[in-house]
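Here the structure comes first, spelled out in structure tokens, and everything after it is commentary.
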Amino acid sequence: MTMPLMRPPRKNPVLRTRQMNLPPGARGRVALGLTAAAAEGRFELQTCDDCGTVQYPPREVCHKCLSAALRWRQQSGEGELLGSTTLHHSNDLFFRERLPWRLGLVHLDAGPTLVVHLHGEVDDAPQRVRVGARLDRAGQAVLIAFPNEGSPHMADDKMLREMTSDPKFRKVLVTDGKTETGQAIVRALVKAGADIVWVGHAEPWKKMGDGLDDISALPQVTLVPLDLTNGRQVTELAGSIGGKVDIVINNAEVHRTFGIGARRGTDVAKAEMDINYFGLLRLAQEFGPALKGRSADGVTGATAWVNLLSIYALSNFPPHGTFSASKAAAHSLAQCLRAEMRPAGIRVINVFPGPIDDEWNQHTPPPKLAPAALANAIVKALRDGVEDVYPGDVAQEWLERWRDNPKVLERELAAGA
């Protein structure tokens, strides 16, 4: 049974900040299919279309029939633990700092035999286990064996916590608390055990709404003035709390309807870009270096950056045309941010919801995503250590169509589908 994580002591400010040592990150191109699936929370292995063999490690051709017709297919991960060992010495700096470390040999019901990391609740062989794929601090896929029945605190396992961004006992910045979505995110973080939640609100001189009053009464919540169009205000806030934040959740956005011809001028489009794209850029420039500098601060070190994007970022939805374009720009910028944060072990999570049940989607027919469901999806993504999340039925169907044929999806959307 995993012992529940205890609140860590406060960091001694006199001590030198540790620097992050990443686990070995070299992978061949063919192996990146495993990483791509793990980034969305799936465990996939290569399966031969000709003979049906499931194989590991990844190869260019089937090891049984030499066919090149290989597809990545999701696996259940069920198998038998054949043996285990505990490392007490390692020449690699990342593992040397985290010893002892358990490894095991698992024979999957699907066929292959794998070398995997072992969750602390997995007993000695032989026993049944479930293998899953996670992203390590270098952003590459690793395989972990879990017990078939875990304890309530299994997420607090020391090894597993290295692969995730659990908000428990961490300090979080939520950039916009005025929306129903932002307030739902704050409540979900508090429920997940966040230590402090700083909640941004633009134009603090205005009377607060009922929702903001409610979350400000929570003992973990502190309201902070934050307008992402104001570079000086972002800089001042980063100077005040940037060295304490462990997770940034950027949910601030401007969402307006209409496309190009139905609206005169560029003022609305500029407002959307100023928050949805340039706001992210300002935030990343100020808070990014602080997160990278604290990524090795123990079990509650800086760990993740979350961007609330939109499924419209994949393919433009003409009734929300300029908003879609701003989210596409933010998506591209978030990919750059992910590449720059990876050497420090900071995970960048992009969330692509479908239509949210808010004022800007009043005329959008169901199904729409409830703010609470979106908030729970964000917390689950942090706990599971994934990179890309597509919450809601619309987002899932949109993603499937986009992967199948982006041009067909574009034509369907242009025709009003």
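As the structure is a computational prediction, the values presented were derived from the model and not from experiment.
Salt-bridge check for R403 with E40: passed, with a basic side-chain N closer than 4.0 Å to an acidic carboxylate O. Between R282 and E286 there is no salt bridge, since no side-chain nitrogen of the basic residue lies less than 4.0 Å from a carboxylate oxygen of the acidic one. With salt bridges taken as basic N to acidic carboxylate O contacts below 4.0 Å, none links K292 and E340. Between D267 and K270 there is no salt bridge, since no side-chain nitrogen of the basic residue lies less than 4.0 Å from a carboxylate oxygen of the acidic one. Contact check on D49 versus R73 returns a salt bridge, with a Lys/Arg side-chain nitrogen under 4.0 Å from an Asp/Glu carboxylate oxygen. Remark: D109 engages R128 in a salt bridge, criterion side-chain N to carboxylate O under 4.0 Å. Ionic pairing of R342 and E387 is present here: one or more N-O contacts between side-chain nitrogen and carboxylate oxygen are shorter than 4.0 angstrom. Between D195 and R7 there is a salt bridge, since a side-chain N of the basic residue sits under 4.0 Å from a carboxylate O of the acidic one. The pair K368-D393 does not meet the salt-bridge criterion, since no charged nitrogen lies less than 4.0 angstrom from a carboxylate oxygen.
If you check the side chains of Q74 and E44, you find no donor sitting under 3.5 Å from an acceptor. Side-chain atoms of T2 and D156 form no donor-acceptor pair, as typed in the model, at a separation below 3.5 Å. Checking T175 against N251 by side-chain atom types alone, a donor-acceptor pair falls below 3.5 Å. For the residue pair E272 and T322, a side-chain donor N or O sits within less than 3.5 Å of a side-chain acceptor on the partner. If you check the side chains of D227 and T229, you find a donor sitting under 3.5 Å from an acceptor.
The distance from the CG atom of D297 to the CZ atom of R170 is 10.5 Å, given to the nearest 0.5 Å.
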**Message:** One pair to check against side chain to side chain donor-acceptor pair (under 3.5 Å): D92 and S90. What are the steps and the verdict?
**Reply:** CA-CA 5 Å; D92 184 85; S90 175; 5.2 Å; no

Practice item. Start with the C-alpha distance between T35 and Q140, add both sets of side-chain angles, then the distance that settles side chain to side chain donor-acceptor pair (under 3.5 Å), and finish with yes or no. Key: CA-CA 6 Å; T35 298; Q140 299 288 6; 3.2 Å; yes

Could you go through H107 and E80, starting from their C-alpha distance and side-chain angles, then the distance that decides it, and tell me whether this counts as side chain to side chain donor-acceptor pair (under 3.5 Å)?
CA-CA 5 Å; H107 180 71; E80 184 82 13; over 6 Å; no

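Classified by interplanar angle (parallel below 30°, tilted 30° to 60°, perpendicular above 60°), the ring pair H320/F323 is perpendicular.
Geometric assessment of R96 against the ring of F94 yields a negative cation-pi assignment under the 6.0 Å and 45° thresholds.
Side-chain atoms of N361 come within 3.5 Å of backbone N or O of I356 as a donor-acceptor pair.
Residues meeting the side chain to side chain contact (heavy atoms under 4.5 Å, CB included) test with P8, sequence neighbours left out: F169, V299, T300. By the side chain to side chain contact (heavy atoms under 4.5 Å, CB included) test, R264 is found to be paired with no residue, residues two or more places apart in sequence or in another chain being considered.
Of the residues I349, I249, L333, L280, the one that meets the side chain to side chain contact (heavy atoms under 4.5 Å, CB included) test with N307 is L280. Among the candidates V116, I144, N148, V129, the single residue satisfying the side chain to side chain contact (heavy atoms under 4.5 Å, CB included) test with V122 is V129.
Summarising the local packing, CZ of F258 is surrounded by 12 or fewer heavy atoms from other residues, nucleotides or ligands at distances under 6.0 Å. Heavy atoms from other residues, nucleotides or ligands lying under 6.0 Å from CH2 of W402 number 12 at most. The environment of Q335 atom CD is dense: over 12 non-hydrogen atoms of other residues, nucleotides or ligands sit within 6.0 angstrom.
You'll find the ring centres of W398 and F352 outside the 6.0 Å limit. Remark: aromatic rings of H117 and W101 are close, center separation under 6.0 Å.
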Please set out all donor-acceptor pairs under 3.5 angstrom arising from side-chain atoms of residues 20-31, sequence neighbours excluded.
unit_1 : atom_1 : unit_2 : atom_2 : d
N21    : ND2    : E97    : OE2    : 2.8
R27    : NH1    : P24    : O      : 3.4
R27    : NH2    : A141   : O      : 3.3

